[in-house]
Amino acid sequence: MQTVNLRNLSELELKPIRDGFGEGFLNIGAAIPDVIGLNADLTESVRMHLFEEKYPERFFQVGICEQNMAGVAAGMALSGKIPYMGSFANFSPGRNYDQIRTSICMMNANVKIVSSHAGFSHGSDGITVQMLEDIAMMRSLPNMTVLVPADAYQAMQMAEAAATIEGPVYLRLGRSETPLLFAEGTPFVPGEAQLLRDGSHVTIFAAGYLVFRALLAADNLHKQGIEAQVINIHTIKPLDEASVLAAAAKTGAVVTAEEAQVNGGLGGAIAEVLGRKLPTPMEMVAVMDQFGETGTTMDLNKSRNLMEDDIVAAVLHVLERKSA
Amino acid sequence: MDVKDLQLKANSIRKSIVTMLNAAGSGHPGGAMGIADVLTFLYFSEMRVNPKDPHMSDRDRFVLSAAHMVPGLYATLAEAGFFPKEELTTLRKFGSRLEGHTVRNLDIGVETTGGSLGQGVSIACGMAAAAKVDGASWRTYCIVGDGESNEGSVWEAALFGSKFELDNLVFIIDRNNIQLSGTGQEVMPLDPVADKWRAFNWNVIEIDGNSFDDIAGAFRTAREVKHRPTCIVANTVPGKGVSFMENKAEWHGKTPDDEQTKQALAELDSLNANG
């Protein structure tokens with residue numbers, strides 16, 4: 001497990017996670033001429049416009065055709081290219097799951113699926129756009145790597161690193177203004193969990209926007225005399241099982257936190273490992289098998305119990321079970 | 001290769017299709033028999049492929065989007081020397097390289113994994129677009145089922161192909177009018193199919209897909225047309241070459257028993273003698 005020094009979070013700087021992706025995609029496009037951009041009429045929304053402007057000969061506006069986009073990307077990958085295909089998460093992988101399964105994953109095609117507006121990050125667009133099932137869908141597929149950045153800086157690093165991962169990658173982006181957590185130069189290693197804060201009483205495994213709230217929750221818990229270990233699971237698949245097991249063995253109590261359905265997401269991934277190898281009292285902060293509703297990102301996170309107070313409550317609950 | 005030689009090859013391929021489906025006990029003979037002439041022309045006349053070097057980087061790409069026609073592809077690849085003909089009877093058996101729908105394996109000349117309709121068309125578009133980006137000379141060919149064209153994604157690919165002016169791409173629509181549940185007209189009418197592709201701005205050529213003269217002319221024209229992809233609407237006879245299979249929807253997805261196999265092989269042999 002990688003130990004990470006965080007920025008000074010008392011002076012918050014906000015940046016949408018998708019903006020970090022856009023910068024990283026431009027960087028990797030400059031470094032690797034085989035990188036191709038594909039987008040289904042949401043180019044600026046997924047922050048692919050910087051690449052499009054710089055490399056128009058390597059950018060394909062495919063129209064509102066997510067199924068075709070996935071197959072085209074597969075065909076390009078089989079021809080030596082490294083295509084990044086962008087849309088909203090509810091459309092891709094929401095609409096083109098079969099193409100991702102058959103044309104991409106079954107051939108281990110080197111396609112990078114970049115999907116923005118995941119979770120409740122564009123709540124006011126309504127429930128169809130609020131994609132909460134994508135992590136479960138993508139982590140169920142053999143050959144797929146699933147990446148969920150915790151801030152814009154990490155999203156930039158993931159955009160660059162995805163090209164070096166041989167095979168399909170799902171990169172989940174949010175639209176929201178998100179606190180920058182990582183200092184410049186913080187390394188990112190796919191598949192290696194990041195220890196953001198150490199503690200001995202309980203482990204909080206978090207992903208995406210909820211990493212920041214897990215850190216806030218750990219601050220609150222510290223004031224109550226509870227030391228929480230906070231671990232960023234930026235790579236949900238392949239899961240860093242060794243770090244998960246070591247953390248659970250150390251603290252004996254686990255909470256997971258994510259902006260996704262409880263069914264088959266980060267919590268499910270951790271539970272699968274612990275259930276098989278080290279049964280540990282565990283609570284999950286996630287969306288509890290329901291769809292959203294209209295509202296701001298914050299309205300929805302509050303109403304679905306995804307806030308730092310909810311993480312604190314889950315910790316207190318799991319500690320009761322640990323001591324029982 | 002002249003027409004007589006192509007006919008002999010196609011007949012040999014049809015015999016392989018019958019034999020392998022009899023051995024497999026399940027699979028799709030109708031479409032495979034009907035498209036055998038197009039496959040023969042592609043592998044013995046049209047495409048730049050080398051069975052001795054199946055990974056050759058500048059090979060032409062072939063995508064079987066209607067992947068249930070795979071017995072036809074396997075029989076053609078074996079005929080061309082990509083793998084021994086003896087292997088054909090392992091079709092669909094545990095441990096075989098020859099699955100019931102295509103699985104990418106360049107060692108035996110199979111470019112793509114298929115079996116979910118409406119996807120190979122997109123893969124073929126991506127291959128052709130990648131060749132354009134690289135300025136490469138290799139071409140991409142894709143056989144599409146007429147029933148497969150029920151899938152909306154086929155028409156997404158049609159939009160893409162014309163937008164990006166993929167004149168290095170040829171689709172062959174196997175217009176045999178049968179699908180699993182009955183005729184195309186019963187399941188989902190497609191006509192006027194050629195006009196549909198014309199409306200999507202493709203270069204459309206309608207042919208008798210069981211005539212080598214027609215097939216050769218269509219592929220020749222496809223090479224000459226610039227800035228537009230070509231769609232060859234190949235009217236084929238499903239089950240071609242075997243009297244009791246021809247134009248019978250029931251032979252889309254059932255296999256011949258031993259007696260039927262004997263009769264089918266005898267009929268195909270007599271075609272050779274008469275040809």
Side-chain angles (χ1 to χ4, degrees), chain A residues 29 32-41 51 55-85 87 91-92 95-113 141-143 167-168, chain B residues 55 57-65 67 99 101-106 110-136 138-142 144 151-166 168-169 200:
Chain A
I32 303 179
D34 278 332
V35 167
I36 300 256
L38 298 149
N39 196 284
D41 198 18
F51 180 97
Y55 305 107
E57 73 286 356
R58 286 195 264 147
F59 180 81
F60 290 77
Q61 172 56 262
V62 305
I64 308 168
C65 300
E66 296 81 9
Q67 299 175 72
N68 185 55
M69 177 168 70
V72 165
M76 289 176 166
L78 298 179
S79 309
K81 300 297 169 193
I82 308 175
Y84 285 58
M85 54 178 247
S87 183
F91 304 130
S92 172
R95 192 187 190 94
N96 55 12
Y97 176 82
D98 186 23
Q99 280 79 7
I100 291 172
R101 175 175 180 265
T102 306
S103 292
I104 295 176
C105 287
M106 285 186 176
M107 293 190 275
N108 200 26
N110 199 16
V111 175
K112 316 307 167 186
I113 302 156
L141 288 168
N143 294 331
Chain B
H55 294 259
S57 62
D58 64 346
R59 69 190 182 280
D60 286 340
R61 267 57 164 187
F62 175 75
V63 178
L64 187 65
S65 195
E99 292 205 18
H101 291 81
T102 55
V103 172
R104 177 173 167 85
N105 182 351
L106 291 185
V110 178
E111 291 279 353
T112 57
T113 297
S116 179
L117 294 171
Q119 298 200 24
V121 286
S122 302
I123 296 172
C125 283
M127 289 173 165
K132 285 274 183 194
V133 169
D134 286 344
W138 52 268
R139 294 168 65 77
T140 302
Y141 299 85
C142 178
V144 187
E151 293 280 7
S153 56
V154 169
W155 305 100
E156 293 186 359
L159 291 169
F160 182 94
S162 57
K163 175 180 177 181
F164 292 100
E165 303 185 2
L166 301 177
N168 55 351
L169 175 66
F200 280 79

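In what follows, chains are A, B, ... by sequence order, proteins preceding strands, each numbered from 1. Bear in mind that the values here come from a model prediction, so they are computed numbers and not experimental data.
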- [ ] Starting at OG1 of B/Thr112, measure out to CG of A/Leu78 and round the result to the nearest 0.5 Å.
- [x] 8.0 Å
Open item on the list: Under the criterion side chain to side chain contact (heavy atoms under 4.5 Å, CB included), I'd like the reasoning laid out for A/Ser79 against B/Trp138: C-alpha separation, chi angles, the key distance, then a yes or no.
Closed with: CA-CA 11 Å; A/Ser79 309; B/Trp138 52 268; 3.7 Å; yes
Open item on the list: For B/Ser153 and A/Asn68: C-alpha separation, side-chain torsions, deciding distance, then whether side chain to side chain donor-acceptor pair (under 3.5 Å) applies.
Closed with: CA-CA 6 Å; B/Ser153 56; A/Asn68 185 55; over 6 Å; no
- [ ] For residues B/Met127 and A/Val72, determine if any side-chain heavy atom of one lies less than 4.5 Å from a side-chain heavy atom of the other.
- [x] no
Open item on the list: Can you tell me how far apart CD (B/Glu156) and CD1 (A/Ile64) are? Round to the nearest 0.5 Å.
Closed with: 10.0 Å
- [ ] With a 4.5 Å heavy-atom cut-off (strictly below), which parts of residues 99-108 of chain A touch chain B? List them by number.
- [x] A/Gln99, A/Thr102, A/Ser103, A/Met106, A/Met107
Open item on the list: For B/Phe164 and A/Phe60, take the angle between the two ring planes, folded into 0 to 90°, and tell me which bin it lands in: parallel under 30, tilted 30 to 60, perpendicular over 60.
Closed with: tilted
Open item on the list: With a 4.5 angstrom heavy-atom cut-off, is it the side chain or the backbone of A/Glu66 that approaches chain B, or both, or neither?
Closed with: backbone
- [ ] Would you mind reporting whether B/Gln119 and A/Asp98 have side-chain heavy atoms less than 4.5 Å apart?
- [x] yes
TODO: Rounded to the nearest 0.5 Å, what's the gap from SG on B/Cys125 to CE on A/Met69? Could you check?
DONE: 14.0 Å
Open item on the list: Set out, in order, the CA-CA distance, both residues' side-chain angles and the distance that settles side chain to side chain contact (heavy atoms under 4.5 Å, CB included) for A/Lys81 and B/Val133, then state yes or no.
Closed with: CA-CA 10 Å; A/Lys81 300 297 169 193; B/Val133 169; 4.1 Å; yes
TODO: For the pair B/Lys163 and A/Gln61, evaluate side chain to side chain contact (heavy atoms under 4.5 Å, CB included) and give the outcome as yes or no after the intermediate values.
DONE: CA-CA 10 Å; B/Lys163 175 180 177 181; A/Gln61 172 56 262; 3.6 Å; yes
TODO: For B/Phe200, enumerate each residue passing the side-chain contact (heavy atoms from CB on, under 4.5 Å) test, keeping only those at least two apart in sequence or located in another chain.
DONE: B/Trp155, B/Ala158, B/Leu159, B/Trp202
TODO: Answer yes or no: does atom CG of B/Leu106 have more than 12 heavy-atom neighbours from other residues, nucleotides or ligands under 6.0 Å?
DONE: yes
